[in-house]
Amino acid sequence: MFFQFRLLHFEISKIYQTLSRTKELHSLIIKTNLSEDSFYATKIVRFYAVNNDINSAYHVFDKTSSRSVYLWNSMIRAYAQAYNFDDAFSLFVKLLRTNTRPDRFTYACVIRACSEKFDLAGLRVVHGEVVVSGLGLDSICCSALVTAYSKLGLVEEAGGVFNQIPDPDLVLWNSMISGYGYSGFWDKGIQMFTAMQCLGKKPDGYTLVGLLLGLEDFSLLNIGQCIHGFSLKIGFDSNAYVGSLLMSMYSRCKCMNSAHKFFCSLFQPDLVTWSALISGYSLSGDYEKALLFFRKLNMERKKADSVLIATVLASVAQSANVGPGREIHGFVLRHGLELDVMVSSALVDMYSKCGFLHLGICIFEIMPKRNIISYNSLISGLGLHGYATHAFKMFDEMLKIGLVPDEATFSALLSACCHAGLVNDGRDIFRRMKNEFCIQARAEHYVHMVKLLGMAGELEEAYNLVQTLQEPVDKGILGALLSCCDACGNSEMAEIVAQRLFENNPENSPYKVMLSKIYAGDGRWDDVKNLRDDMTEGGRRKVPGLSWIGCSFA
DNA sequence: GTAGGGTTAG
């Protein structure tokens, strides 16, 4: 017995990453009559949770009569990690009805669950409970609160929580820096970074990740390079998270030479780093390189996971060439990934963007599980092929089964209206998006609305819609309006719009070509010449459009 | 006395 007890301690001190080892250990604990002990139950719940066997985890929790707060916390976190938020919350409520009091860790788990569920109302209630419990200044609860508010888009409230802490610890600083990173306020992140260093706090890998999260534009490449240099200096460049963020920073800034160079310097890049490189090539429009690296990954006998497959399929969809897409579909079937909802949604999107809508529909129909992304892919595919009525039908079906539409759903519906010229339906869904579903219109929605109205000859309405926007207006929206002016032959409005475009984007030659075309239509050849001279003077040229005919058949 | 937890990537 003593020997078995020692053995158990030895075994349990190691972390098991396999389900079979967890099961072995579980039966050993039952044999030694220790299964009632809260300490062992907590351990086993954790092991089952990391091996994604939530039912067995709950079974152990349920069978333990004397539950410590450790055990409750482990089970609540296990549910939340499995995205089973309803069970996580009901367990929390059940805990409140017992004699065991929730502690700072319980609240931290529940706060995190609220943010992952995008439940702002729930978050506010739990925040209130935290304050009432006297944990309003606790660093563990507050770091979770800072992250949760930032992830829900309320970075100012996150700042409010942070500012009331007299001496924040490193995790709190990191949470706030990451919060600014998600929200795109990279400059505020840098300010925090400087402030924490002045106070003698030493940054770690999380700090660097937080700083890199907000860098998404070529103009910020210098800042990214400085952070890269700093990470080399403090020896964090070999940290897997920092490495993958550096990769995705170079990729997002579309600096693929540096991205590739950095990738080659890595000893053993993980799947996240591979997919950051592949999606970087895809974002930069170099779909061939994206596919080349996917093939290289396979040649190294690494197994792509569902996120990586979805990344590559998105790249194929952009290239509109179905051949490689079929190859990857074969890969998906060979590796049993066809049941994965992310992969199958990406297949629906790829087939419809490559012109094979019927295959996209087939995949959608046989999908065992569908989520908002699957519906968005199908709605966008139907819209792209001119089947706007079907797209709206799918939208209704989606609502009927209880899915909540997101920004991408409305983008797909508005695009469907554009392709089919359904002005009234477009106006209606744009209004519903804001009023009924409380979704703030983004640039892409305005682009669709402007195109829809402008191409239907409602140029004034399109112009007035743009006038309601705050400066600086996104160049995509103004560009859409300019192309509508071109289509309608309204050179007066075209000049006003072009002026606004050039004010903020003086280098933008595609729009200059568009304006010169409008002048040419009016016979204003002097203006055409001036514009063309202006363009060629600086050696700028519009990248010529390319088209080709492929011969792959699905 | 052990154990649970807060901040990170595609």
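Values reported hereafter were calculated over all heavy atoms of this structure, with side chains retained and with hydrogens, waters and symmetry mates removed. Labels below follow one simple rule: chain letters A, B, ... track the order of the sequence lines, proteins then strands, and each chain is numbered from 1.
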Residues touching DNA chain B, which here means a heavy atom under 4.0 Å, drawn from residues 264-275 of chain A
A/D270, A/L271, A/V272, A/S275
Could you check which residues of residues 78-98 of chain A get a heavy atom under 4.0 Å from DNA chain B? Sort them by number, please.
none
Distance check needed: B/dG1 P versus A/Y70 OH, whole Å only.
12 Å
Classify A/R104 by what it touches in the nucleic acid, base, sugar-phosphate, or nothing, heavy-atom distance under 4.0 Å.
nothing
Using whole Å, report how far CG of A/L170 lies from P of B/dT7.
13 Å
Separation of atom CG in A/D237 from atom C1' in B/dT8, rounded to whole Å:
16 Å
Using a cut-off of strictly less than 4.0 Å between a heavy atom of the residue and any atom of DNA chain B, enumerate the qualifying residues of residues 179-217 of chain A by number.
A/Y182, A/Y206, A/V209, A/L213
I need the CZ-P distance between A/R46 and B/dA3, as an integer number of Å.
13 Å
For residues A/V155 and A/Y149, determine if any side-chain heavy atom of one lies less than 4.5 Å from a side-chain heavy atom of the other.
no
Residues 179-203 of chain A vs salt bridge (Lys or Arg N to Asp or Glu O under 4.0 Å), sequence neighbours excluded, gives A/D167-A/K201
For A/F118, which residues count as a ring-ring contact (aromatic ring centres under 6.0 Å, His included) partner, sequence neighbours excluded?
none
Only pairs at least two apart or in different chains count here, so list each salt bridge (Lys or Arg N to Asp or Glu O under 4.0 Å) that has a residue in residues 275-295 of chain A.
A/D286-A/K289, A/R295-A/E327
Rounded to whole Å, CG of A/D37 lies from P of B/dG1 at a distance of 15 Å
Heavy atoms only, 4.0 Å cut-off, all strands: where does A/S175 land among base, sugar-phosphate and nothing?
sugar-phosphate
Closest approach to the side chain of A/S248, judged atom by atom: which nucleotide of B/dG10, B/dG6, B/dT8 is it?
B/dG10
Salt bridge (Lys or Arg N to Asp or Glu O under 4.0 Å): which pairs involve residues 251-263 of chain A, sequence neighbours left out?
A/E216-A/R252
For the residue pair A/K296 and A/F293, would you count it as a cation-pi contact if the rule is NZ or CZ under 6.0 angstrom from the ring centre and within 45 degrees of the ring axis?
yes
Applying a 4.0 Å non-hydrogen cut-off, can you work out what A/V69 is touching in the nucleic acid: base, sugar-phosphate, or nothing?
base
Under a 3.5 Å cutoff, is there a donor and acceptor pairing between the side chains of A/T207 and A/N174?
yes
Indicate the atoms forming the closest heavy-atom contact of A/S143 with A/S175, along with that distance.
CB-OG, 3.5 Å
With sequence neighbours left out, what residues match A/M256 under side chain to side chain contact (heavy atoms under 4.5 Å, CB included)?
A/S251, A/A259, A/L277, A/Y281, A/S284
Residues touching DNA chain B, which here means a heavy atom under 4.0 Å, drawn from residues 292-314 of chain A:
A/D305, A/V307, A/L308
Is the shortest side-chain N to carboxylate O distance from A/D62 to A/R67 below 4.0 Å?
yes
Identify, with sequence neighbours excluded, every residue that meets salt bridge (Lys or Arg N to Asp or Glu O under 4.0 Å) alongside A/R112.
A/E116
Please tell me which of the listed nucleotides, B/dG4, B/dG6, B/dG10, lies nearest to the side chain of A/F105?
B/dG4
Candidate nucleotides B/dA3, B/dG4, B/dG6, ranked by approach to the side chain of A/S74 - the nearest
B/dG4
For A/E129, all residues meeting salt bridge (Lys or Arg N to Asp or Glu O under 4.0 Å), sequence neighbours excluded:
none
Interatomic distance where CG belongs to A/L246 and P belongs to B/dG10 [whole Å]:
13 Å
Residues pairing under salt bridge (Lys or Arg N to Asp or Glu O under 4.0 Å) where one sits in residues 301-320 of chain A, two or more places apart or in two chains, turn out to be A/E300-A/K302
Here the distance between atom C1' of B/dT7 and atom CD1 of A/I165, to the nearest Å, is 14 Å
